[in-house]
Amino acid sequence: MPRGKFITLEGGEGVGKTTNLVFIENYLKLHCIPVIVTREPGGTLLAEKLRQLLLDKESEAISEHAELLLIFAARAQHIQHVIEPALASGTWVLCDRFTDATFAYQGGGRNMKNSTIKWLENLVQGSLRPDLTLLLDAPIEIGLERAKSRSNLDRFESEKIQFFEQVRRAYLLQAELNPNRIKVIKANQSLIDVENEIINVIGNFLR
Ligand code: T5A
C-alpha cells in the first residue's frame, strides 16, 4: 500500500478554508482516493481541548511562548494519533491549517523567531511535511467580514488589523520560498471560481 498524501489548506481568517475543504474531500472521493479531513489546532481529544484554550477570549493573557508550545503540543498529539497512522495506511490526509499557520501567525503576526519555530517543527514532526498546500489568499477585510458574519470572533480573530497584515505577508513569503509545495489560490472571487482554481491545482497534483 503506497503511503497517503498529506494536503493542507492555509490562509487568513475567514478566507474559505473550511468551505473548500469539503469541496476537496468530495473531489478526492470522486477519484476513489481514501481521505480523512482534520484540522489544527485540534484533531484529537486532547488537541481539541488545547484548541479551546487557545481560542478562548476570556482566558488569562497567554504568553507568546505558551501559545507556541500549546500549538506544537496539539500538533504532536495530532501527528501521532491521526496523521501518521492514516498516511501509513495509505489514506490521504486533508488538514485545515498546519505548520505554515505557525510561521504566519506566531512568526509573522507575533514576530517570533522563525528559527525557534523551525526547531520545534523538526522536533515534533521529524521529516513530516505536507506534500501539497493550498494557500487561500484574500485582502484581510474580506476574510474578516466573512468570519464576522459567520460567528463571534475568537481570541485570534480579535487581533488588530496590523496583525493580520503581517500574517498575510508571512503566508505569501512562505509561498514564495516553497513554490513547488504551496499554491496560492485567489480567494476573493466567487466560490465557483475558487473551486475551479482548486480543481486545477489538485488535478495537476493527481497527475
Ligand atoms: N492558529 C492556528 C495559529 O495561530 N497558529 C497555528 O499554528 C494554527 C494551526 C483557529 C485559529 O488558530 C490560529 C489561527 C486561527 O485564528 P481556524 O478556526 O482554522 O483556526 O481559523 P479561521 O480562519 O478562524 O477559520 P474560519 O472557519 O473562520 O475561516 P475559514 O475556514 O477560512 O472560512 P469558512 O470556510 O468558514 O468561510 C467563512 C464564511 O465565508 C463564506 C462561507 O460560506 C462562510 O460563511 N465564504 C465565501 N463567501 C463568498 N465567496 C467565497 N468565495 C467564499 N468562501 C467562503
Side-chain angles (χ1 to χ4, degrees), residues 8-25 37-44 47-57 59 62-79 82-83 93-112 114 116-118 120-121 124-125 129-130 133-161 163-164 166-168 170-171 174 185-199:
T8 57
L9 227 74
E10 296 281 359
E13 305 300 316
V15 286
K17 296 175 299 300
T18 313
T19 308
N20 287 295
L21 215 63
V22 178
F23 175 75
I24 299 173
E25 179 189 16
V37 174
T38 184
R39 68 173 181 181
E40 290 222 343
T44 76
E48 287 292 332
K49 285 185 182 165
L50 295 175
R51 177 189 176 92
Q52 279 172 18
L53 294 176
L54 281 159
L55 299 192
D56 183 6
K57 254 200 312 201
S59 75
I62 301 180
S63 84
E64 290 180 354
H65 280 115
E67 180 179 282
L68 182 66
L69 292 169
L70 284 171
I71 285 167
F72 271 104
R75 186 161 295 142
Q77 288 299 108
H78 194 203
I79 291 170
V82 176
I83 299 177
V93 175
L94 200 47
C95 190
D96 195 339
R97 295 191 187 278
F98 195 61
T99 309
D100 290 311
T102 318
F103 283 106
Y105 281 78
Q106 282 63 48
R110 305 246 190 264
N111 286 315
M112 298 191 80
N114 272 1
T116 309
I117 301 172
K118 270 192 199 313
L120 286 166
E121 181 184 38
V124 168
Q125 296 170 221
R129 301 289 182 278
T133 298
L134 287 88
L135 170 58
L136 297 176
D137 178 62
I140 49 172
E141 312 78 50
I142 292 185
L144 283 175
E145 215 30 69
R146 286 183 192 163
K148 255 188 231 162
S149 66
R150 191 218 43 206
S151 61
N152 290 336
L153 300 183
D154 63 35
R155 193 173 67 85
F156 286 100
E157 289 164 345
S158 308
E159 287 286 345
K160 299 200 169 67
I161 292 291
F163 175 85
F164 299 111
Q166 290 169 202
V167 168
R168 187 180 182 203
Y171 262 135
Q174 282 285 98
I185 308 274
K186 283 196 288 303
N188 54 332
Q189 358 177 31
S190 69
L191 198 50
I192 187 86
D193 287 337
V194 174
E195 287 171 355
N196 281 332
E197 272 201 43
I198 289 176
I199 288 181

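Ligands are counted one by one from 1 in listed order, and the atoms in each one are counted from 1 as well.
- Every atom of ligand 1 with a heavy atom of Glu157 under 4.0 Å away is listed here by number and element: 24 (O), 28 (O).
- In summary, Glu10 and Lys17 do not engage in a salt bridge, as defined by a charged side-chain N under 4.0 Å from a carboxylate O.
- At the top of the distance list for atom 33 (O) of ligand 1, counting protein heavy atoms only, stands Gly16 N, 3.2 Å.
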Please step through side chain to side chain contact (heavy atoms under 4.5 Å, CB included) for the pair Glu157 and Asp154, ending with a clear verdict. CA-CA 5 Å; Glu157 289 164 345; Asp154 63 35; 3.5 Å; yes
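- Under a 4.0 Å N-O distance rule, the pair Asp56/Arg155 does not qualify as a salt bridge.
- Protein heavy atom in closest approach to atom 8 (C) of ligand 1: Ala101 CB, 3.6 Å.
- Each of the atoms 7 (O), 9 (C) of ligand 1 lies under 4.0 Å from some heavy atom of Arg75.
- Looking at ligand 1, you won't find any N or O of Ile71 less than 3.5 Å from one of its N or O atoms.
- The shortest N or O to N or O distance between Gln106 and ligand 1 is below 3.5 Å.
- Protein heavy atom closest to atom 25 (O) of ligand 1, with residue, atom name and distance, is Lys17 NZ, 3.9 Å.
- The shortest N or O to N or O distance between Leu55 and ligand 1 is not below 3.5 Å.
- Close N/O approach between Glu40 and ligand 1 is not found [any backbone or side-chain N/O within under 3.5 Å].
- To the nearest 0.5 angstrom, Gln189 atom CD is 11.0 Å from Glu195 atom CD.
- Taking 4.0 Å as the cut-off, Arg39 does not count as a neighbour of ligand 1 on heavy-atom distance.
- By the 6.0 Å and 45° rule, Arg75 stacks over the aromatic ring of Phe72.
- Taking only non-hydrogen atoms, the option from Glu10, Arg146, Glu13, Lys186 nearest to atom 48 (N) of ligand 1 is Arg146.
- Of the inter-residue distances, the one linking Thr102 atom OG1 with Gln174 atom CD reads 9.5 Å to the nearest 0.5 angstrom.
- Taking only nitrogen or oxygen atoms, main chain and side chain alike, Thr18 reaches within less than 3.5 Å of ligand 1.
- Taking any N or O of Arg51, backbone or side chain, at least one lies under 3.5 Å from an N or O belonging to ligand 1.
- Heavy-atom separations between Ala104 and ligand 1 are all 4.0 Å or longer.
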Pair Arg39-Glu48, side chain to side chain contact (heavy atoms under 4.5 Å, CB included): steps then yes or no: CA-CA 9 Å; Arg39 68 173 181 181; Glu48 287 292 332; 2.7 Å; yes
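- Taking any N or O of Tyr105, backbone or side chain, none lies under 3.5 Å from an N or O belonging to ligand 1.
- Remark: minimum distance from atom 7 (O) of ligand 1 to any protein heavy atom is reached at Thr102 OG1, 2.7 Å.
- Listed by chain and residue number, Leu21, Glu25, Leu94 satisfy the side chain to side chain contact (heavy atoms under 4.5 Å, CB included) test with Val37 (two or more places apart in sequence, or in another chain).
- Residue contacts with ligand 1: Pro41 is included, with a non-hydrogen atom under 4.0 Å away.
- To the nearest 0.5 Å, the span separating OH on Tyr105 from CD on Glu13 amounts to 3.5 Å.
- Among protein heavy atoms, atom 36 (O) of ligand 1 sits closest to Arg150 NH1, 3.7 Å.
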Review item, side-chain donor-acceptor pairs of residues 138-147, under 3.5 Å, at least two apart:
from: Arg146; atom 1: NH1; to: Val15; atom 2: O; distance (Å): 3.1
from: Arg146; atom 1: NH2; to: Ala187; atom 2: O; distance (Å): 3.1

Show your working on side chain to side chain donor-acceptor pair (under 3.5 Å) between Asp96 and Thr38 and close with a plain yes or no. CA-CA 6 Å; Asp96 195 339; Thr38 184; over 6 Å; no
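- Given atom 42 (C) of ligand 1, the protein heavy atom at minimum distance is Thr19 OG1, 3.7 Å.
- Here atom 21 (O) of ligand 1 lies nearest to Arg97 when heavy atoms of Arg110, Gln189, Arg97, Glu159 are compared.
- Counting the atoms of ligand 1 from 1 in the order shown, those under 4.0 Å from a heavy atom of Gly12 are 23 (O).
- Looking from atom 38 (C) of ligand 1 to the surrounding protein, the closest heavy atom is Gly14 O, 3.9 Å.
- For the atom pair CG (Leu136) and CG (Leu9), the distance works out to 5.0 Å, reported to the nearest 0.5 Å.
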Could you go through Gln106 and Glu64, starting from their C-alpha distance and side-chain angles, then the distance that decides it, and tell me whether this counts as side chain to side chain donor-acceptor pair (under 3.5 Å)? CA-CA 8 Å; Gln106 282 63 48; Glu64 290 180 354; over 6 Å; no
